[in-house]
Amino acid sequence: MTGMVAQMPDRDRKVAERVPTDWKTGAMQTRIRRRYAAERRFRFMGLAAVVLSAAFLAFLLVTMLAQGLRGFTETRLALPIDFAAAGLEVTPAQLEQRGADAALASAGLERVVDNAAVAAFGPDGMDLISDTAWIRVGERLKADPGLLGGQAVIAVPASAGVDLAAKSGDTPLDARVAELRAQNRLTTGFAWGFLTGADSTDPTRVGIWGALKGSILTMVVTLLLAFPIGVLSAVYLEEYAPRNRWTDLIEVSINNLAAVPSIIFGLLGLAVFLATFQMPRSAALVGGLTLALMTMPVIVIAGRNAVKAVPPSIRDAALGIGASRVQVVFHHVIPLALPGILTGTIIGMARALGETAPLLMIGMRAFIAGPPGGFTSPATALPVQVFLWSDEVSRGFVEKTSAAIIVLLVFLLAMNGLAIYLRNKFEQRW
Amino acid sequence: MTQVHIDTPVQPDAPAPHKMTARNVDVFYGSKQAIKDVSIDVDMDRVTAFIGPSGCGKSTFLRTLNRMNDTVSSARVTGDIRLDGDDIYSPQMDVVQLRARVGMVFQKPNPFPKSIYENVAYGPRIHGLAAARGEMDEIVEGSLKRAGLWEEVKDRLSDSGTALSGGQQQRLCIARAIAVDPEVILMDEPCSALDPIATAKIEELIHELRGRYAIVIVTHNMQQAARVSQRTAFFHLGTLVEYGETSEIFTNPREVRTKDYITGRYG
C-alpha cells in the first residue's frame, strides 16, 4: 500500500494520506484568539446600536415632554367681579334652563367681564384676559346661580400674550406678568379646553379633541375595511388559490402596493373617491378609505406569512376527522395565525395613524373649528393638526404642537397596547 | 409487472363483503407515477399492515383511501376505490363524510393546541353527533377510554393536549379519530416518533380496536407488522409486490423481493 502511495503524483498522495490535524499549533491559537475577538466585537457593536437607539428615543421623548407638557396647562388670572353692582339682566331661574348661554350673552356678560378686568388690572386689563374669559365666568355662574347677587373672584384664562410671558418669558408683557405674579393673581391650571376643543386661531383656545376624534373616526373606517379584506385575501391566497401565473401576478402586485409612497394613495383617493364617486371633501370616511388602501397590503403580507406558518399537521388533523375546508380555516388556521395577523395589523394601522400626505390630498387639512359630527362631516386628523400648528406664526402654537404630538403618541401607544394584549391573548403554542 | 395475488379469507359461510376495495389504482404526482396498478381489500375486524422501504408509496396509497391526497394539487388518482361498494372518488361521494367514516392517525402526533376535551369533542361537534352537553361528555369519556387514555387524563381534561407526552398525544389523536365513530381507521406510521413503551401501548390499543374497526397501518417496523396485523401488503417502488396473511408473508413469502426485505437484505 505504502509503496503504491509513494509512486503516486504529489497531489494524489495528499488526497490519500491526510496528515492528522495538530490543534495546538501557534496558528490555531491565533485563530481561536481572533474568533473570540470577533465575538466580543460583534457583541459590543450590537450593544452600542441598542444604546444609541435608546438614546435617540429618550432624547425625542424628553424634548417632546419638556415642550409639550406646558401645552396642557393654561395661565389663569384671578378676576374679582361684583355681579350685584354690574346689574346683569339674568335671573337665577334662567341660568338653570336650556338657553342659559344665550341669555348670558344677550345680558352683556362679556362687557361685564371686560369692565371687571379694567377695574381690577387697569386700562390694559382687557388685553390681559382671554377673549373667552366671559365663557368661563358664565360656566361658573351656571354652576352656582347664587353668585348673581354678590361678588366673586373667578380664575379666568389669561390672554395668549400673558400665557406666553408666564410660561417662557422673553415677551413685551414680562414685566406686567411679574407684577401680577407678585400680587398672587396668576395661577396655572390644567387646560381642560385643550382636551375638549378643536382648532382655533388663538393658541390659548385651541383644542386637540377635534383632531383626535377625526383620527379615531378615520382609524375606525380603515380598520373595518382593511382588516377583514386583508385577512380574507391572505387566507384565500394561501388556502384556496391555485398556484399559477395569475396568483403570482397578484402576489407581486400586493408586495408592490405595500411599497407605494403614501401621497400616491392620496392622489388616488382624490381622483376616485372625491372626483368619481363625489364623496364629501375633508371627511373621515374618505380619509379612512384612502388609508385602508394603504394598510391592506401590509395586512395581506403579514397575514399570508402567518397563515403559512401554521403547521400543515394541524390542517391534516382537522381534515382527517372530516372537517371541511372552511371549518379548517375558521376553527384552526385563523385562530393560530391571529397573533401574526394582529402584528401586521398593528404595523399597518400605526403607519396609517401617522400618515399626513394622503390626508392633505383629500382635503383633511382644512381649518375646522369644531369636532367632526360623524364620518361624513369635515374633519382633520392628529398628524395633519401637528403639521398645521407647526406652520403657525404665533409663538403660542409651539407648545401646542408638542402637546398634540404627545396626544398622537399616547393614542398610538394605546392602540398598540390593545393589539399586543389581543395578540398575547390569542397566542397558542403547538 | 408482478402478478398480484389477492386471496380472500377462506370462510365456511358466505364471506362477508370487503369493507374497502381498491382495484387498479394509479397515483400520479404531476407526471411522476407514485403508485402503479395496486389492488387491495380491507376487511372489518382485521388489521392490514402496509410495509415496504421508504418512498415505496405505502403512505401515498394509504392517503388515497380517505382522499387526503386531494389536498395535494398535483396529485391525480385513477382506478376504483370503494367503501361498502360506493366509489369514493365519484362526484356523489361527500369527501367530508368519507373522512369521518375513514378516520386517520398521522405519523407525528398532531393534537390541536386546545384542551384534551376539545381535541376529542371537535370531531363529534362538527358532525353534530352530540345533541346535548352530557352526550358529548359521554362521547369524550368513551373515546378516551377506548384509546386507553382516560385514567391518565380524566382529572385534567381542560389541560392543553400539546402538554401531554408523545405517546399520550398519539393516543389522544386515536381517541380523536374514534370519537367520530369511523368504520375504518388509517394509521400512517403511528409509532415512528414514539419510544418502545409508548409503542407497546399503541400496539396493544390497535389490538383492542380491531374488533370494532377495519384498521390499516403503515409501518417501517416489520416486527410491528408481524405483531399487530392479520394481513400484510408489501410495497416496492410504487407497486404492490405481495399481499396475504401476515403469517404467510413473514414465514413463507412467495416473492423473492418480499423475502429479501423481511430478512433485512435491503430497505
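Each chain gets a letter, A, B and so on, in the order its sequence line appears, and its residues count up from 1.
When B:Arg101, B:Arg99, B:Met104 are compared by the number of non-hydrogen pairs under 4.5 Å with chain A, B:Arg99 comes out ahead.
For OH of A:Tyr240, the number of neighbouring non-hydrogen atoms (other residues, nucleotides, ligands) closer than 6.0 Å is greater than 12. Summarising the local packing, CD of B:Glu208 is surrounded by more than 12 heavy atoms from other residues, nucleotides or ligands at distances under 6.0 Å.
Annotation: residues 169-180 of chain B contacts chain A through B:Arg176, B:Ala177, B:Val180 [non-hydrogen atoms, separation under 4.5 Å]. Using a 4.5 Å cut-off between non-hydrogen atoms, the part of residues 320-332 of chain A that approaches chain B consists of A:Gly320, A:Ile321, A:Gly322, A:Ala323, A:Ser324, A:Gln327, A:His331, A:His332. Interface with chain A: from residues 70-90 of chain B, residues B:Thr71 qualify, criterion being any non-hydrogen pair under 4.5 Å.
When each of B:Lys108, B:Arg63, B:Gln107 is checked for a side-chain contact (heavy atoms from CB on, under 4.5 Å) with A:Asp316, only B:Arg63 meets the rule.
Applying the side-chain contact (heavy atoms from CB on, under 4.5 Å) rule to B:Ala100 yields the partners B:His127; only residues at least two apart in sequence or on another chain are considered.
In terms of heavy atoms, B:Asn110 sits closest to A:Ala317 at ND2-CB, 3.3 Å.
Looking at B:Val95, there are no atoms closer than 4.5 Å to chain A (heavy atoms on both sides), in backbone or side chain.
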